[in-house]
Each structure stands twice: as structure tokens, then as C-alpha cells.
Amino acid sequence: MGAFRAIVLRDLRVAFRRWSEVANPFVFFAVVVALFPLSLSPSAPELRSIGVGVVWIAALLSSLLALDGLFRNDAEDGSLEQLLLSPVPFGVTVLAKIAAHWLVSVLPLVLLVPLSALSFRLPASGLPTLAFALLLATPSLSVLLALGAALTVSLKRGGAIIGLLILPLAAPLLIFGTRATDFALHGEPVAGPLYLLAAMAAAAVSLGPPAVAAALKVGLE
Amino acid sequence: MGAFRAIVLRDLRVAFRRWSEVANPFVFFAVVVALFPLSLSPSAPELRSIGVGVVWIAALLSSLLALDGLFRNDAEDGSLEQLLLSPVPFGVTVLAKIAAHWLVSVLPLVLLVPLSALSFRLPASGLPTLAFALLLATPSLSVLLALGAALTVSLKRGGAIIGLLILPLAAPLLIFGTRATDFALHGEPVAGPLYLLAAMAAAAVSLGPPAVAAALKVGLE
Amino acid sequence: MLQTSAVLRGESLEVWRGERCLFEGLDFELASGGLAVVVGPNGAGKTTLLRTLAGLAPPTAGRATWGGTDVRSLSPDARGQIAYRGHLDALKRELTVVENLEFYRALAPRAAPLEPLLDELALAHVADVRARYLSAGQRRRTGLAALRLAGAKLWLLDEPTTNLDAAGRQLLADWVRRHLDEGGLAVIATHQPDLFAGRPAVVIEL
Amino acid sequence: MLQTSAVLRGESLEVWRGERCLFEGLDFELASGGLAVVVGPNGAGKTTLLRTLAGLAPPTAGRATWGGTDVRSLSPDARGQIAYRGHLDALKRELTVVENLEFYRALAPRAAPLEPLLDELALAHVADVRARYLSAGQRRRTGLAALRLAGAKLWLLDEPTTNLDAAGRQLLADWVRRHLDEGGLAVIATHQPDLFAGRPAVVIEL
Amino acid sequence: MKLPRWFHQLGSPPYVYRLAERLSPWLGWSGCLLIAVGALWGLFGAPPDFRQGEVYRIIYIHPQTSYVGMMAYVVMAVAGAVGFIWRIKLAHAVAVSAAPIGASFVLCSLITGAIWGRPTWGTYWEWGDPRIMSQTLLLFLFLGYLALRASFEDRDKADRVSAILAVVGVVNIPIIHYSVEWWNSLHQGPSITRLDEPAIHASMLVPFLIMVAGFTFFFYWLLLNRLQGEIVERERDARWVQELVSGGRP
Ligand code: HEM
Ligand SMILES: Nc1ncnc2c1ncn2[C@@H]1O[C@H](COP(=O)(O)OP(=O)(O)OP(=O)(O)O)[C@@H](O)[C@H]1O
Ligand SMILES: Nc1ncnc2c1ncn2[C@@H]1O[C@H](COP(=O)(O)OP(=O)(O)OP(=O)(O)O)[C@@H](O)[C@H]1O
Ligand SMILES: [Mg+2]
Ligand SMILES: [Mg+2]
């Protein structure tokens, strides 16, 4: 467990070299959100109707932005080899790195849900569900993207191709997520989609890391 | 001029050899554009009215995704130094790299416009304008993004902070672009905003590279 | 044999790259206290061999074993007995020297204290400088510090003298000698074999 | 003096990094055919000095001039007379050896032919291998090929012998000698000065 | 390029420090005085607006903060440019000092505007209103500038890199100003800053202008104070600073 903590902390350090940088994801998200209304002819109902979608897209985007370096940096500076050779089980290492990625790129959005809701005039009723759905869906998202990243680290052509298919795989997550939130906004029962998200999360977090680890091992050969 | 061609060709080559990363932004664009309607309670008129804006933002964000390696890769493997020291004027080099980036990761977005139109049920009448407006707006966008990449070249992966720096500056492009398209959809004259976009492009392409070059020189010290 | 736990063995190792065979039928055995020096022209396959021994890349044929088990399927703590240092320094450029090393300490099973190492390597005055600002040699020295921290039994070193000044090379040679005296093993790929000429060594010519 | 066009001069150069002064009041002059060897322990400032001479980094005080003009404000073709090779190989890992070198040829004002170089450097058989698959030494050799292609008058070489095997080091030494005989200049930072001991040289001790 | 002597003097930290020390009290007091007068006049002297009644009196705060915010950005950009071109560290110091102040003024502009919006437009905030958006983006520009600086630890580098950003960002200023004319904004068009005679009665105009002057002085007062701090921070190793902190005069 000590190793797990060490890896997470290290990745967080690298991401937020200086404390001021912790603010970046938040401001960035604010900017992205600000862009949408700019590009629309403003009128409240529309804004509300897109709000949910925007939040989810922002989530996807910032995970993708943070993702770029997830494994490639470590692979290129040689530290991934060291991690692979270290006595720490590689699955744990991978899980730690994914966790760090999630903390860096997604958690801020969850914390920002109230703001976004406010700026899109979402009724308060929907907020808890939105936040909860994000919390449930994004871990699976991180795992999926990590798998994609691992595959593209591989020098082998095949890996690269599969890597491309990962992003579309994220679609169901987004769909169910927005579903749940929409339901909540219209006061319908949200349990269904949420259960689905939870199930996916469980599956991803348990099955994902070994797959990622395997992909990386191949990639490093 | 020979150098210009050489640099563009080289960057294109590199891009196509690591195409799995190059392709990611398009997948993102496709996913966003395809999924967004699903996140709404579907009703054609509303879809249409937001469609334009979403397409533009998707284009903006996905080119942001494509950007990170623009200068950093060259900076980290030392070839940017060599380019800076080469007899080729650095402004030309920068322009060439921007051009390559635009060809690889922005131009194809224009080709995806029909798809987006489809998913937002945009009337065919608007498409040419949409595509044309994108063609006019994206060069300025590339220059802006290049500036962001240059400003952060000596930092670690730029990602969020680049967006934070550049998106505010990109807002005007977004505004005029969407307006042009909206006009077209409503059959109003589109010349005005298009001229503005063209003017911006001219300004960006002429004034931008020196700024980018300056930023890179500082970054490499 | 006794104490197979600390024996590195290559069994008719063969590796192809592209269309070329880098080496084949490579057999050798290294027991506690043993040193193997890998020499050969650029592109001969030294790095490839070391990566194979580390279990990073599978050989085309044959196998490498540590303590009798294939290096590709070692138990975690058996892996903890092997330390590999390649051409790359495996440092995070955003982290300071200390932060980098503390990280590797956290991964190592039985970690040595840090300060004496920094002094020994003349890194004390840059302890809090980010790796990105270090000079090439300082980076290499930090990598060597990480090697020591791992407290491994088998050292796989790929051109460890790269970028080191005379003092650094001498220090490294001493380390290796001491490591071997303490019963450790070392496989070193280098273009300056004379540096390690001090003692009997298996010379692997590629 | 005559033919200032080919004179490299350092005028009371001073560079600080962090809180430390790497060097100060550094004066030297190198005329056509002159060789300067920069030596010093790891972290002394050799790389920094070379980057300063190349005009990549501004000195804290003083200035470096090539042919009388500050290296930070050289005309394009004056810059074409200077070639700098640092710790990095400046190769695109996605491109093959030939593609990489052809690119640098396209940038050079008067480019030399490629094939003989590849043979001389024993790179012919990997000409079409991507740089990412090259061995460390092969990568370094490719970098040296690029140096030759630039056809520059002033060579600034930072530890050029890194990763080179004995043959490679010898070849490099010969190149430098020939380059100087042809009236070129060279500033070389190295930890093995004896390799270039052949001829009189300005030794810059940091 | 040949530069006049005063220009070089402005490059000398101790000189500027003393200059700032001498100027800032004047700026500070006159600023406060003007603001006080303008506020009293505006709140009690000036007649209520025939349409908006009393609410309109925010006009004595809101536009001023808006102007000053924009001015602050221009100051920052110009200083940055000067510092970059002539490598004058002090100019960079000015730019850095201006940034947080400008950001705060823009924030005030946004808040006062929002407050004013409630009674007049029936909403605090309107996404998509060009004036509001462009002003908000100005705030983001300030924040981006600060964030960029924060992510460099080498100050010299931070200075020059962020200067480039500041200069490029200037394009946003005209956009803010003309946003109301280029797009149909809720925000009213220029009623004071119009070339022909202002569209507002003198009895309101005078306190308005007094407030403008007051806020401007106030801004420069803040700027000089921050500048002094910045200079001391940058020159902490210099002898004159040592003397300064040890009680001596520079
Ligand atoms: C959050 C909302 C608002 C923002 C961001 C905002 C922003 C600005 C800015 C940037 C200026 C300076 C314009 C320039 O220098 O050209 C300005 C001026 C002004 N604003 Fe606002 N404003 C807001 C709301 C309002 C409201 C609700 C009113 C009153 C109905 C108002 C009345 C004015 C007036 C009278 C001026 C001076 C016009 C002039 O320049 O001549 N503003 N505002
Ligand atoms: N930001 C910084 N803070 C502190 N020290 C720094 C900083 N940047 C550079 N340095 C120091 O400046 C020196 C740079 O030296 P340089 O890279 O020129 O060394 P070198 O002589 O090339 O050494 P080597 O032989 O290892 O290549 C190093 O000691 C490094 O620690
Ligand atoms: N995909 C490939 N196609 C062709 N050749 C390859 C490929 N991958 C590796 N090689 C070759 O295999 C060899 C790898 O050798 P290795 O890196 O082990 O050399 P080395 O002995 O470490 O050399 P150096 O002393 O330069 O480090 C190189 O000659 C390289 O060209
Ligand atoms: Mg090797
Ligand atoms: Mg060096």
C-alpha cells in the first residue's frame, strides 16, 4: 500500500508541480463552459437542455487532456521500465497511476458541478444525481482511456489501432450518465442508469488494470 | 522555400507514423458531435439551433487536443534547437510547423462537417458556409494554439493551461464563425462575418509567427 | 549447485532484431560475487542482452534464469533482487533530485538512507533542483543513487559511465568492486572495459 | 585582425544558474584552425558554455561573438557556419536514419552527399531503420552524420564521444583533426580530453 | 535604437523606487478625495434618472471599474512589451504589479454590472451577452497571465513569456469596447465615451467623470505600492535594498 501511495503522490506532484497549478483544471473548465453559451443564440431553456451534455463533454475532454502523458512520459524517460521491474506488483502500479489521473482530471469537475449547474440554470434537484453519476462513470472512463493510452504506447501497429477504438467505447458511459441526469431533472427514477454505471465501474476497476498492465508489458518489449 | 517544404513534409511524415495519436482528436470530435444529441431530449428545431455551436466548440477543443506535441516533442528530442540554429529564418520554421499542424489535425475536421450536420439535422443549405467558415477560422485558431504551445514549451505537458491561455483569445473566432453559420441557416447574408474571419486569419498568419518564434526562443534558453 | 538463489544463467540465448540475429547460443553462468562485462561495437546487442536478462524483452530462443526461475516469471521479491539501469535515467524532470530518489526508496524493499549517498555522489548541493535542470552527469549520478537505493543483489548496468567525469567513473568502479565483495553480482555493458579490469570477469563478446 | 569572419571570441563571459555562478570573466579567442577543449567535473558548466556560444542561451554578463557580431544576433548564413551538437541527438524517432539526415541536408546551405557518410559511420545497414530502434551508439553516429552534413565552419560538440565504441571515437578524432586542418574551428566539451590531445588546443577549465 | 535619458533612468530600480515613494501619497489622497466627492455628489447631488429612478446610481461605480480594468490590462501589456523589447526588468515589474489589480477591477466591474443587471435587465447574468462575455474573458486573460507566470520558477523567463501573452491579449480590448455595437447586446451602447457630445445630462456627467478620475488615480496608487514591493523583492540582494531595510535611505 505504501507503494500505491507513493506512486499516486508522485504523479500528483508531477501534475501539480506548484500549488497554483491545482487551480488550472477549474479555470479551464470554467473557460470551456463559458464558450458554449458564447456560441449559441442565448435563451434560457436551450441552455438548460444542453447543460448536462456540456458537463459530460468537459469531463471527457479534460480526461483526454490529462491522459496524453499518462504512460508515454514514463515510457520515454525510462521510469516505466523501473516500475515494471520493481517489486511492486505491476497491476497495483497501473491502478495507482489511473487513480492519480482520475484525481487530476475528473475530480475537479465533480466539485465544479454546482457552478456549471448555476451557469446553465439547471434546477438544483438534478445536482446530486449529476455529481453522483459523474463519480460513478468517470472511473470507468479513466480505466478505458488508460487502456487506450497503454495500447498506443506499444510500438506495435496493432496496439495503436485498438487504441483508437477505446474512445468510442466510452460512449455508453456518457449516454447512461446523461440519461441519469436527465431523468433526475425531469423527476423520473434514476436508479436504473446509476446501477448500470456502478456495475460498469466495478467491472472496469477490477478487470481494467490487468489488461492495461499486459498491454504496457508488451509495449515495453 | 525549400526549407519550408522540407519542414512541412517532415512533420507530416512524423504525424502519419504516430497516426494513432493524430487520429485521437477526430475521434473526440466524432464522439462529441455524435453523442451530444443523445444528451438532449431530442426535438429537431432545438437540436438545429445548438448544433452549429456544438460543432464549432468540438472543432475548437479537438484541435486543442491535437496540439500538445506541436513544439514540445521537437524541444525534448533536441531538434527544435537545431531548427533554431539552422540558417532557416525561425519565423519561417514556425510557420511551416503551424501549417503542418493545420493540415494534419485541423483540416480533416472540415471533412467531418457533413457527419455533424447529419447528427444535428442541419439543413444542407448551411453546410457549405459552415465548412467555409471553418476553413477561414481554423488557421487563426492554429496560430493561437501554436502560441499557447510555445508559451508552455518549457513546462511539462501543457494541456489545461494552454486551453486556459488560448480559449479566451479564440472566443472571437467562435463567435463570428457561429454567427456566419447561423446567418447561412436562416438565409441571411453571410459576407460580413466571413470577411471578419478572413481578416483575422490574415492578421494571425502574418503577426502570429513572430510572436510564437519569440516565445519559443525564450522557452529554449 | 548450492545457493541457486543467487545465480544468473543464460541458456543458449538467441535474439533477432529486424532481419539480423544479434546473438545466438549464448550460454553463461554468474554466481554470487561474479562480474560479467559485455563488450561489442555499437549496435552489437549489448543493451538488448541486458534488457533480456532483466526480463524486459523475451529472447527469440533460449531463456535467462535467476535463481533457477525464468526472469520473465519472477516473484515480486525475486524481482526486487534485480536492478537494471539502462541508457535512460528514469527520472521525472519535474521532480527534484530528492523527490525522485525518495520515490524509488518507497518502491525498494529495504531502502538505504539517502544523505550519505548524495554526499558521496556530490549531489548534495543540487538535492532540491529539479531533474530537468541537472547536468547530464548529475542526472546519471542520480540514476546511480537510485541503483544503490534499490539494494539489489544483481546489478544490470548499461554503459553506466556515460556522461560521468573521471571522479564519477572511479566512484562507480569502487561501488562495483564493493558490491561484488559483498557477494553481489553485476553484468555491465561498456565501451571502457578497462575500468572494471581490476578483477576476474566473464567477458561476453558480442 | 585579418579574416575576423572566422573568429570565435568570448568576452568576459559570466553565467549564473540558480544561486551559483558557473563561470565568470571567461575570455578566449579561437581563430581558423583552432581547437578549444572544455573540461571540468559534472555540473561545472560545460554544456551551458557551449549553449551560450551557440547563442541558445544568453550569458548573464559579457558576450560571445562570431566574426565580430554577437552570436545572439547573427545573420542566417552566419548562423549556417555554426553547428552545435549537444547531449540530445535531435533525431525524430519516427523517421528512419536516411529520412532524418535528408531533412538536415535540406536545411543546410551546402550539403555533402549522404552515402559515403553512412558507410564511413557503419550506418549503411540501418539506413532504413527508424531512429527509435537504433542503438544508443547508432543514434549518436547519426547525429554526427548530421553534423558533417551541415558543412559548418565552427563545430560546438558536447561530449561527442558518448555511447561511441572505440572505432567510433577514433573516427570522430580523425574528423576533428581533418576539420581543423581544413581551417575549421572546434569547441569540444569532453571527459576524455586525451582523445583530442593530438594537437595544440586552448583548454578551458571550468 | 537611441533612447532618451529619462528612459534609462526609468530603468534604474532605486530611482523608480524613490519616484514611486514620492508620487504615491499624492495619487492616494487625491484619488480618495475625488472618489469621496464624486460618490457624495453622485448619490445625493445628482438627480434620479427618469427611467431607472435611484438604481441608476450604480453608474458612478460600474463604468469606472470597467474602464480601469481595461486600462489596467493595457498598462500591463505596454509594460510587458517595453520590458521584452528593451529588456528592462522594471517594466516587467510594472506589468506583474498591474495584473492582480486589474483582475480585481474587472471582477468589480462584473459584480457591479450583475447587480445593476437585476433591476434593469431582469437578470444578474446572461451567458452569451457579448459585453458580459468579453469582459469575463478579460478576467480569464488576467488569470491566464497569472497562471502562466506561476508555472515558471525562473522569474526572468516568466517575465518575458508572460509579456508575449499580455501583448497578444490586447486584441480583446477593442472587442470589449465595440461588442455593444457589433452585436445586439443587452448592454447599452456607449453613452459617455462617444465622440459627439455625451448622451447624458451634465448634472450626471460631472460626478461620473470625477469618479472616473478618482478610480484612475486610485489604480495608479495601488500600482505604485505593489511596484515598490515587487522592486524590493527583485532587488533583495542589491545593496540599496539592504540599506533600505536596515533603515537607511536608498
Ligand atoms: C455583468 C454585466 C456587465 C458587464 C460585464 C459590463 C461591462 C461593462 C464594460 C466593460 C464597460 C466599459 C465599456 C467601454 O469602455 O467601452 C461598461 C460600461 C458601462 N456599463 Fe456595463 N456591464 C454590465 C452590466 C451593465 C448594466 C446592467 C448596465 C445598466 C443598465 C450597464 C451600464 C453601463 C454604462 C452606462 C456604461 C458606460 C457606457 C460607456 O462606456 O459610455 N452595464 N460595462
Ligand atoms: N535552475 C537551476 N537551479 C539550480 N542549479 C541549476 C539550475 N539550472 C542549472 N543549474 C546547474 O547548472 C549546472 C549546469 O551545468 P552544465 O549542464 O553546463 O554541466 P556540464 O558541465 O555540462 O556537466 P556534465 O559534464 O554533467 O554535462 C548544473 O550544476 C546544474 O545543477
Ligand atoms: N526493428 C528493428 N529493425 C532493424 N534493426 C533493429 C530493430 N530493432 C533493433 N534493431 C537493431 O538491433 C540492434 C540493437 O542493439 P543494441 O541497442 O542492443 O546495441 P548496443 O550493443 O546496446 O549498441 P550501443 O553500444 O550503441 O548501445 C541495433 O543494431 C539496431 O539497429
Ligand atoms: Mg546500448
Ligand atoms: Mg553537459
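Each chain gets a letter, A, B and so on, in the order its sequence line appears, and its residues count up from 1. Computed over heavy atoms, backbone and side chain alike; hydrogens, waters and symmetry mates excluded.
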Give the minimum heavy-atom separation between Gly43(D) and Ser135(C), together with the two atoms involved. N-OG, 3.4 Å
Interface check, chain C: of Thr162(D), Leu164(D), Thr47(D), Val129(D), most non-hydrogen pairs under 4.5 Å belong to Leu164(D)
For chain C, which candidate among Lys46(D), Arg17(D), Gln192(D) shows the most heavy-atom pairs at distances under 4.5 Å? Gln192(D)
What is the minimum heavy-atom distance between Arg169(C) and His191(D), and which atoms define it? NH2-O, 3.6 Å
Separation between NE2 (His87(D)) and CZ (Arg139(C)), nearest 0.5 Å, reads 7.5 Å
Nearest heavy-atom contact between Asn42(C) and Gly137(D) is ND2-CA, 3.5 Å
Closest heavy-atom pair and its distance - Asn163(C), Glu159(D): ND2-OE1, 3.1 Å
